J.: 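Just dropping this structure here.
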Amino acid sequence: MEATHRVKDKDNNTLGFMIDGRFIASSLIKDNAPNIENLILQKNGAIRAKRALPELYYKDAVIKAVYRDLVQENPFERNIQSELEHWRNTRYRQVLQLGGTRQVGKTTELLKFAYKNYEYVIYVNLADDRFRFAALSDSADMWLDMQNYCDRAYLPQYRDDRNTILILDEIQTSKKVYNSIRAMRSALKCDIAVTGSYLGIVFHTEGYFLPAGTITYIDMTAMNFEEFARAFGEAELLGNIDLYGAASQQHYRKLENLYRIYRQIGGYPEVVRTYVQTESIEECHTTIGNLLRTFKEESRNYFGQPRDVEIFESVYTSALKEMCREKRGTGRDQLEIIRNLADNDTNLMINRDEVANAITWLIYTGMIATCDLAVNGDIKNISKDRRLYFSDCGILAYLTNRTLVDSNSLEGLLTETFVFNELRYLFGQKSVGNRVTGDNVCFSTCGAYELDFMLASSDRTVYGIEAKTTKGNPLSLRVFIDKHYIDRGIVVKPTAGGHGDKFDTIPIYAVGCRFPYE
């Protein structure tokens, strides 16, 4: 092996060398100096080259190269990058906690952000803590121990400033490290971000202490339709197409075709990548099946008894059956309904608490999301968590294809699930300014009438949204308009859109990204 370049920091201190096309830190070279032909380890610990070597800066030789490789391997442009930039620019001294469902790309996107915006990246996977990062939790001098850790992990010298980011992945595996976040934040000047799987449920178990006031929370979802359209080069068309039918019919058909594909495969990056490579819905569903098997196996680790696992799997399918009913969540006790369905599907006597625990697990893991109820058309009178939806259309399509669900129920459920998740996504966007008020999207009831969705824009305009799969009279929407429960009525369906006397109709694929439909 031979060194080809000396690698320096911006202050011209030697950090390491390029050997066989990759960066090797000085600490690792010292342990392996005899194996490198043109380097000599001197008695004073300095490393000398036998002949002068060309010099590179670490940011050019390593940081930019890693970022380039990350983008090449993961080319999808995700909106989460704007949220991460917003955190860096506005939440100084707060630790970022990036949560979200398993396999939505949290680590990948966080690393892309880090290598694009920082001069030094310290990435620690706590599920494989071979260099003993957890030992820092007991440190009396954390800055010094960070330098010692970098030496152990063969990383460049630690720089204690905001040009450095420390990323702690799989944070849920180390109670000790998580509980030291506040001390870490006080002792270090670098930016800090943590991420991992199943954070919501794990951090509510015994022994984890939430560092209130220290953390900024961002939740990441699977790719929404805007990101999906961007992956196929159609984001600009989606963002600019006229919502009321004045554009080319060919353009509407192009976006509608993408919408129908998305509704079948959803937005998990690995699934979208499969479709880009194969254009096969069947292959995508194979990938989804593998994701779900992994999810179920990992879920077993968080259930104490075999009975809990059986109840969880039964609740999973029973929740789907309940979602497929024609009228859902309008004031009935969903826990009791799902309990009865699960009880009928097993030989177990299942109680309400066991069902609640299983559903809580599905919600915390991000597999299922909840929709609130605006009571009697009043968006200020909210009853929380009154309806359940799967958080990804592809998973729902995969499960319903393997369940006895009639085609009409399936069509309606897929349509509502798409609209719900597109609207729900609006509540997590901070970088573009709040387009919505409140905490969550709602549905509403008024006597015998049920409106699919209600939400308020940042200027307090209340929108009522009815999702349709075919032609039909949106009677509930008309009732809510006549009673002045909503300020503006919108029908979303596969259409080019148009203006009406009481409500407007827009293409369903624009329901989230084009809100508030100007």
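Worth knowing before you read on, the calculation uses all heavy atoms, side chains too, and leaves out hydrogens, waters and symmetry mates. Computed from a predicted model, the values in this text were never measured in an experiment. We count residues from 1, following the sequence as given.
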J.: If I compare all heavy atoms of Arg514 with all of Leu238, which pair ends up nearest, and what's the gap?
T.: NH1-O, 3.0 Å

J.: Checking Thr101 side chain against Gly366 main chain: does a donor-acceptor pair fall under 3.5 Å?
T.: yes

J.: Taking the six-membered ring where the residue is Trp, are the ring centres of Phe453 and Tyr463 under 6.0 Å apart?
T.: no

J.: Can a side-chain donor-acceptor contact be found between Asn224 and Glu422 if the only test is distance below 3.5 angstrom?
T.: no

J.: Between Phe515 and Ile506, does a side chain to side chain contact (heavy atoms under 4.5 Å, CB included) hold up when you go through it step by step?
T.: CA-CA 11 Å; Phe515 184 85; Ile506 67 168; over 6 Å; no

J.: May I ask you to check whether Tyr262 and Phe225 place their ring centres under 6.0 Å from each other?
T.: yes

J.: Between Arg273 and Glu270, is a salt bridge (Lys or Arg N to Asp or Glu O under 4.0 Å) present by the stated rule, with each step listed?
T.: CA-CA 5 Å; Arg273 187 178 293 109; Glu270 187 61 31; 2.7 Å; yes

J.: Please report the closest heavy-atom contact between Glu450 and Ser476, naming both atoms and the distance.
T.: O-OG, 3.0 Å

J.: More than 12 heavy atoms of other residues, nucleotides or ligands under 6.0 Å from CD of Glu77: is that the case?
T.: no

J.: Just wondering, are more than 12 heavy atoms of other shown residues or ligands nearer than 6.0 Å to CG in Asp439?
T.: no

J.: Examine the side chains of Arg263 and Tyr509 and answer whether a donor and an acceptor come within less than 3.5 Å of each other.
T.: no

J.: Using a cut-off of 6.0 Å, state whether more than 12 heavy atoms not belonging to Phe427 lie near its atom CZ.
T.: yes

J.: Looking only at non-hydrogen atoms, find the nearest pair between Ala114 and Ile165 and report the distance.
T.: CB-CG2, 3.7 Å

J.: For Phe480 and Tyr485, I'd like to know if the aromatic rings sit close, meaning centre-to-centre distance below 6.0 Å.
T.: yes

J.: Please check if the side chain of Ser444 supplies one atom and the backbone of Gly377 the other of a donor-acceptor pair under 3.5 Å.
T.: yes

J.: What distance do Ile368 atom CD1 and Arg387 atom CZ have between them, rounded to the nearest 0.5 Å?
T.: 14.0 Å

J.: Is there a donor-acceptor contact under 3.5 Å from the side chain of Thr287 to the main chain of Val271?
T.: no

J.: Ignoring hydrogens and geometry, is there a side-chain-to-backbone donor-acceptor pair from His86 to Gln429 under 3.5 Å?
T.: no

J.: Are any side-chain N or O atoms of Trp87 and backbone N or O atoms of Gln94, one a donor and one an acceptor, separated by less than 3.5 Å?
T.: yes

J.: If only side-chain N and O atoms count, and only distance matters, is there a donor-acceptor pair under 3.5 Å linking Asp69 with Tyr115?
T.: no

J.: If only atom types and distance count, is the side chain of Thr417 paired as donor or acceptor with the main-chain N or O of Cys393 below 3.5 Å?
T.: no

J.: How close do Phe443 and Asp452 get, heavy atom to heavy atom, and via which atoms?
T.: CB-O, 3.0 Å

J.: Are any side-chain N or O atoms of Asn376 and backbone N or O atoms of Asp378, one a donor and one an acceptor, separated by less than 3.5 Å?
T.: no

J.: Would you say Arg435's side chain and Cys513's backbone share a donor-acceptor pair under 3.5 angstrom?
T.: yes

J.: Without swapping roles, check the side chain of Glu227 against the backbone of Asn79 for a donor-acceptor pair under 3.5 Å.
T.: yes

J.: Where is the tightest heavy-atom contact between Asp392 and Asn421, given as atom of each residue plus distance?
T.: N-ND2, 4.0 Å

J.: Say whether, by atom type as modelled, one donor and one acceptor occur between the side chain of Asp372 and the main chain of Cys442 under 3.5 angstrom.
T.: no

